[in-house]
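Predicted, not measured: the structure shown is a model, and the values here were computed from it.
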Amino acid sequence: MYLLIGLAIAIVLIGISAHIAQEYQRAIVFRLGRYSRTAGPGLYFIIPFIDRQITVDIRTRTVDLEQQETITKDSVTIKVNAVLWFKVINPEDAIIKVANYNMAVYQFAVTALRNIIGQHHLDEVLREREQINATMQKIVDAATEPWGIKIVMVEMKDVEIPESMQRAMAREAEAIREKRARIIKAEAELEASIKLTQGAKQMEASPIALELRRMQMLSEIGIDNNTTTIVLVPSDFTNAARSFTEMVAKTKEDK
């Protein structure tokens with residue numbers, strides 16, 4: 001009878017002391033209040049009524065940083081959303097050195113986000129998101145490393161800008177596009193004038209080229225059905241008129 005009772009007590013004690021940790025879990029075991037070991041994954045045993053365990057999930061976790069209203073370096077109020085990914089790489093530090101590592105990581109990440117946004121102008125926040133994300137990751141990772149936490153990645157999801165600033169940015173973008181269009185048009189006109197000057201010099205050296213160009217213009221105009229009347233003046237007449245004008249001008253100067 002006593003043997004059966006003892007056997008039953010032993011089975012109960014073994015059942016109480018046996019625990020199983022999943023592959024993504026680690027058990028922090030405390031013996032009489034002091035840290036004893038980190039157990040798992042798989043089957044492990046603890047001493048009933050003497051040992052106490054806390055299970056830690058070491059998988060990567062996602063923290064959604066709620067929308068933060070902050071002021072940029074150029075005094076523009078914006079609202080920023082961000083997402084943080086982290087995992088526990090040292091379970092005993094995550095339990096022993098910080099009371100609630102989930103809340104600690106969240107609060108520090110929110111504070112770091114507000115501080116980083118305040119150090120950048122609005123244009124930098126919109127254009128240099130990757131750089132800001134990398135900077136924030138380094139800052140939060142350095143602060144949480146003593147807690148056994150590894151910051152995997154930080155990403156800003158959305159940046160909400162006031163409507164008045166959106167209208168101002170739209171006007172600025174429109175002005176920039178108009179400026180770019182005018183510059184391109186001016187460059188095209190400059191290039192066209194250079195080509196025309198080169199063509200004129202070539203035609204001046206070879207009068208027959210000018211006649212060929214005139215014939216080409218006639219063929220181009222005749223492609224469309226139109227009632228345009230064209231009067232061709234030989235180049236000799238043009239040269240004679242120019243010579244006559246130069247002669248009259250010289251006569252006036254002599255007088």
Side-chain angles (χ1 to χ4, degrees), residues 15-73 78-120 122 124-160:
I16 295 175
S17 62
H19 292 79
I20 296 177
Q22 302 297 329
E23 184 67 30
Y24 54 85
Q25 292 177 332
R26 298 293 184 271
I28 310 303
V29 180
F30 294 91
R31 179 164 296 170
L32 297 176
R34 298 182 61 86
Y35 170 73
S36 175
R37 71 184 190 280
T38 300
L43 178 66
Y44 63 95
F45 295 89
I46 62 175
I47 302 176
F49 311 111
I50 297 178
D51 292 344
R52 185 175 65 89
Q53 66 162 356
I54 299 177
T55 304
V56 179
D57 193 329
I58 62 173
R59 292 177 294 182
T60 300
R61 299 188 180 186
T62 303
V63 178
D64 189 4
L65 304 180
E66 63 183 10
Q67 190 177 68
Q68 300 295 314
E69 185 174 356
T70 183
I71 300 176
T72 61
K73 191 174 181 179
I78 61 175
K79 296 180 181 180
V80 183
N81 287 16
V83 182
L84 174 72
W85 289 266
F86 76 94
K87 63 180 180 180
V88 178
I89 58 174
N90 197 337
E92 55 269 23
D93 288 343
I95 296 299
I96 297 173
K97 294 185 178 181
V98 62
N100 186 338
Y101 64 87
N102 289 303
M103 182 61 64
V105 170
Y106 174 82
Q107 293 296 338
F108 189 85
V110 168
T111 304
L113 177 62
R114 296 174 65 92
N115 292 337
I116 292 175
I117 296 300
Q119 297 173 4
H120 291 79
L122 177 60
E124 295 174 348
V125 175
L126 297 177
R127 291 196 312 262
E128 303 175 1
R129 287 196 183 186
E130 293 184 1
Q131 181 179 352
I132 294 175
N133 293 336
T135 303
M136 181 175 174
Q137 178 182 353
K138 292 180 181 179
I139 293 175
V140 180
D141 188 50
T144 58
E145 184 178 3
W147 305 337
I149 306 296
K150 173 64 178 177
I151 305 301
V152 178
M153 185 170 53
V154 180
E155 289 288 340
M156 286 193 297
K157 291 194 303 182
D158 184 32
V159 178
E160 185 177 336

Polar contact flag, side-chain donor to acceptor under 3.5 angstrom, Trp85-Thr60: no
For Met156 and Val80 the tightest heavy-atom approach is SD-CG1, 3.6 Å
Interatomic spacing from CD1 in Ile151 to CD1 in Ile139 - rounded to 0.5 Å: 12.0 Å
Check each of Val110, Ile117, Ile78, Thr111 against Gln68 using the side-chain contact (heavy atoms from CB on, under 4.5 Å) test, and report the only one that passes. Val110
Write down the atom of Thr70, the atom of Arg114, and the distance for their closest heavy-atom approach. OG1-O, 3.7 Å
dist Ile71:CD1 -> Leu122:CG (nearest 0.5 Å) comes out at 12.5 Å
Minimum heavy-atom separation for Glu160 and Gln67, please, with both atom names. OE1-NE2, 3.2 Å
Looking only at the side chains, is there a donor atom on one of Gln131 and Glu124 sitting less than 3.5 Å from an acceptor on the other? no
Side-chain donor-acceptor pairs of residues 93-105 under 3.5 Å, sequence neighbours excluded:
| from | atom 1 | to | atom 2 | distance (Å) |
| --- | --- | --- | --- | --- |
| Asp93 | OD2 | Asn90 | ND2 | 2.8 |
| Asn100 | OD1 | Asn102 | N | 3.3 |
| Asn100 | OD1 | Met103 | N | 3.3 |
| Tyr101 | OH | Arg61 | NH2 | 3.2 |
| Asn102 | OD1 | Arg61 | NH1 | 2.8 |

Pairs of donor and acceptor atoms involving the side chains of residues 22-32, under 3.5 Å and at least two apart or interchain, shall be tabulated with distances.
| from | atom 1 | to | atom 2 | distance (Å) |
| --- | --- | --- | --- | --- |
| Gln25 | OE1 | Gln22 | N | 3.1 |
| Arg26 | NH1 | Glu23 | O | 3.0 |
| Arg31 | NE | Asp51 | OD1 | 2.8 |
| Arg31 | NH2 | Asp51 | OD2 | 3.0 |

From CA spacing to verdict: salt bridge (charged side-chain N to carboxylate O under 4.0 Å, His left out), Asp158, Lys79: CA-CA 8 Å; Asp158 184 32; Lys79 296 180 181 180; over 6 Å; no
Of the non-hydrogen atoms in Asn133 and Val154, which two are nearest, and what is the gap between them? CB-O, 3.2 Å
Go through the steps to decide whether Val159 and Val125 satisfy the test side-chain contact (heavy atoms from CB on, under 4.5 Å), and finish with yes or no. CA-CA 8 Å; Val159 178; Val125 175; 4.2 Å; yes
How long is the straight-line distance from CG of Leu126 back to NE2 of His120, given to the nearest 0.5 Å? 12.0 Å
Taking atom CD of Glu128 as the centre, report whether more than 12 heavy atoms of other residues, nucleotides or ligands fall under 6.0 Å from it. yes
Charged N to carboxylate O under 4.0 angstrom, Asp57 versus Lys87? no
Approximate separation, where rounding is to 0.5 Å, of Arg129 CZ and Met136 CE: 13.5 Å
Supply the atom-to-atom distance Phe108 CZ to Asn115 CG, rounded to the nearest 0.5 angstrom. 8.5 Å
Between His19 and Ser17, is there a donor-acceptor pair closer than 3.5 Å when you use the side chain of the first and the backbone of the second? yes
Counting N and O atoms only, with roles assigned by atom type, does the side chain of Asp141 sit under 3.5 Å from a partner on the main chain of Lys150, one being a donor and the other an acceptor? no
Taking every heavy atom of Ile149 against every heavy atom of Phe86, the minimum-distance pair comes out as CG2-CD1, 3.5 Å
Distance (rounded to the nearest 0.5 Å) between Ile47 CD1 and Ser36 OG: 8.0 Å
Which atom pair, heavy atoms only, marks the closest approach of Pro91 to Ile58? CG-CG2, 4.1 Å
Using a 3.5 Å distance criterion without hydrogens, assess whether the side chain of Glu92 forms a donor-acceptor pair with backbone atoms of Thr38. no
